[in-house]
Number of protein chains: 2
Amino acid sequence: MPAADIDRMFQALGDPTRRAIIASLTLGPKSVSRLADPLGVTLTAVAQHLRVLQDTGFVRTEKLGRVRTCSLQATGFRAVEQWAAEHRALWERRMDALGDLLAEEED
Amino acid sequence: MPAADIDRMFQALGDPTRRAIIASLTLGPKSVSRLADPLGVTLTAVAQHLRVLQDTGFVRTEKLGRVRTCSLQATGFRAVEQWAAEHRALWERRMDALGDLLAEEED
DNA sequence: GGGTCAGTCAAGTGAGCACTTCAGTATAAG
DNA sequence: CTTATACTGAAGTGCTCACTTGACTGACCC
């Protein structure tokens with residue numbers, strides 16, 4: 001996973017409206033209009049956010065007739081989870097190493 | 001964990017320079033100057049980033065004499081990991097439900 | 001066909017933010 | 001005491017980005 005991609009993922013999650021879209025989609029797939037309705041923003045704005053969320057692997061969309069249906073995608077969440085887990089692991093390893101060091105000093 | 005806090009966390013991680021600071025700190029604690037050196041930005045810029053990373057629970061800093069030493073903190077990473085895991089779980093539950101639904105239709 | 005509905009495209013605007021410079025403070029070194 | 005170091009604070013700048021408006025396309029309904 002290239003660093004630039006992870007950048008874009010976190011940047012995508014940094015926006016409140018986009019996080020609201022994700023939250024809304026956890027309740028089930030929705031059309032663009034039904035996403036925009038409770039958000040208090042334009043249809044266009046939601047469409048722009050959806051593009052970002054789609055490019056970063058959080059959302060999948062499919063157009064049938066004139067309505068585009070949006071749903072969540074696991075890819076993005078897995079990547080974020082993995083990134084955080086890796087960094088937490090690094091941190092814990094460092095903490096362990098520090099513990100060992102202190103233990104040695106006590107000898 | 002309030003939604004506004006998570007917003008700020010993801011926003012914090014969205015910036016390439018801040019992610020570089022985190023990456024640098026995984027190798028061990030560093031002073032502000034030693035962080036700024038390879039990043040190609042001003043000491044002031046790094047200090048500003050550190051403030052953000054500290055407020056969002058990714059970094060811990062301590063000033064001794066005239067040098068401020070920075071190190072990683074697990075809090076932020078745990079929060080991110082948890083958020084992603086929760087959303088992935090929600091997604092998987094929905095997929096399971098969908099599977100059940102399809103299975104029922106086959107009857 | 002006409003009319004609405006769901007979404008798209010292009011262009012513009014405003015606010016936030018990353019970053020800088022410069023001046024200042026406090027600690028360490030000679 | 002003088003000088004260098006490590007940072008801090010205030011203020012300014014430029015650019016990105018969220019959001020809007022308005023014109024448009026294509027699908028469904030009567």
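Letters go in sequence order (proteins before strands), and every chain restarts at 1.
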Figure out the [atom1]/[atom2] separation between [X] and [N], and round it to whole Å.
X       : N      : atom1 : atom2 : answer
B:Arg19 : C:dA18 : CZ    : P     : 14 Å
B:Arg68 : C:dA26 : CZ    : P     : 15 Å
B:Lys63 : C:dT27 : NZ    : C1'   : 9 Å
B:Leu35 : C:dC19 : CG    : P     : 14 Å
A:Leu43 : C:dT8  : CG    : P     : 8 Å
A:Ile21 : D:dA18 : CD1   : C1'   : 11 Å
B:Glu62 : D:dA6  : CD    : P     : 18 Å
B:Leu50 : C:dC19 : CG    : P     : 12 Å

**OP:** Take A:Gly65 and A:His49, find for each the nucleotide of DNA chain D with the closest heavy atom, and name the residue whose nucleotide sits nearer the 5' end.
**Re:**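 Residue closer to the 5' terminus by nearest nucleotide: A:His49.
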
Subject >> A:Thr44 vs C:dT8: side-chain N/O to OP1/OP2 distance below 4.0 Å >> reply: no

Subject >> CZ-OG distance between B:Arg60 and B:Ser71, expressed to the nearest 0.5 angstrom >> reply: 4.0 Å

Original post:
Looking at A:Ala84 and B:Phe77, what are the two nearest heavy atoms and their distance?
Top reply: CB-O, 3.6 Å

Subject >> Polar pair under 3.5 Å, donor/acceptor by atom type, side chain A:Arg66, base D:dC28 >> reply: no

Original post:
Is there a donor and acceptor pair, one atom on the side chain of B:Gln48 and one on the base of D:dT8, closer than 3.5 Å?
Top reply: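 Check fails, no donor-acceptor contact within cut-off.
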
Original post:
So, the side chain of A:Ser24 versus the backbone of A:Ala20: is there a donor-acceptor pair under 3.5 Å, distance only?
Top reply: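 Between the backbone of A:Ala20 and the side chain of A:Ser24 there is no qualifying donor-acceptor contact (under 3.5 Å).
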
Original post:
Is the distance between the ring centroids of B:Trp83 and B:His87 under 6.0 Å?
Top reply: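 Yes; B:His87 has its ring centre under 6.0 Å from that of B:Trp83.
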
Original post:
Under a 4.0 Å N-O cut-off, is there an ion pair linking A:Glu81 with B:Arg88?
Top reply: yes

**OP:** May I ask you to say what B:Ser31 touches in the nucleic acid, namely base, sugar-phosphate or nothing, with a heavy-atom cut-off under 4.0 Å?
**Re:** sugar-phosphate

**OP:** Remember a base hit wins even if backbone is also touched, and classify B:Arg18 as base, sugar-phosphate or nothing at under 4.0 Å, heavy atoms.
**Re:** sugar-phosphate

Listed nucleotide nearest any side-chain atom of [X], set [options]:
X       : options                : value
A:Asp15 : D:dC19, C:dA18, D:dT8  : D:dC19
A:Gln11 : C:dA28, D:dC17, C:dT20 : D:dC17
A:Thr42 : D:dT21, C:dC19, C:dC5  : D:dT21

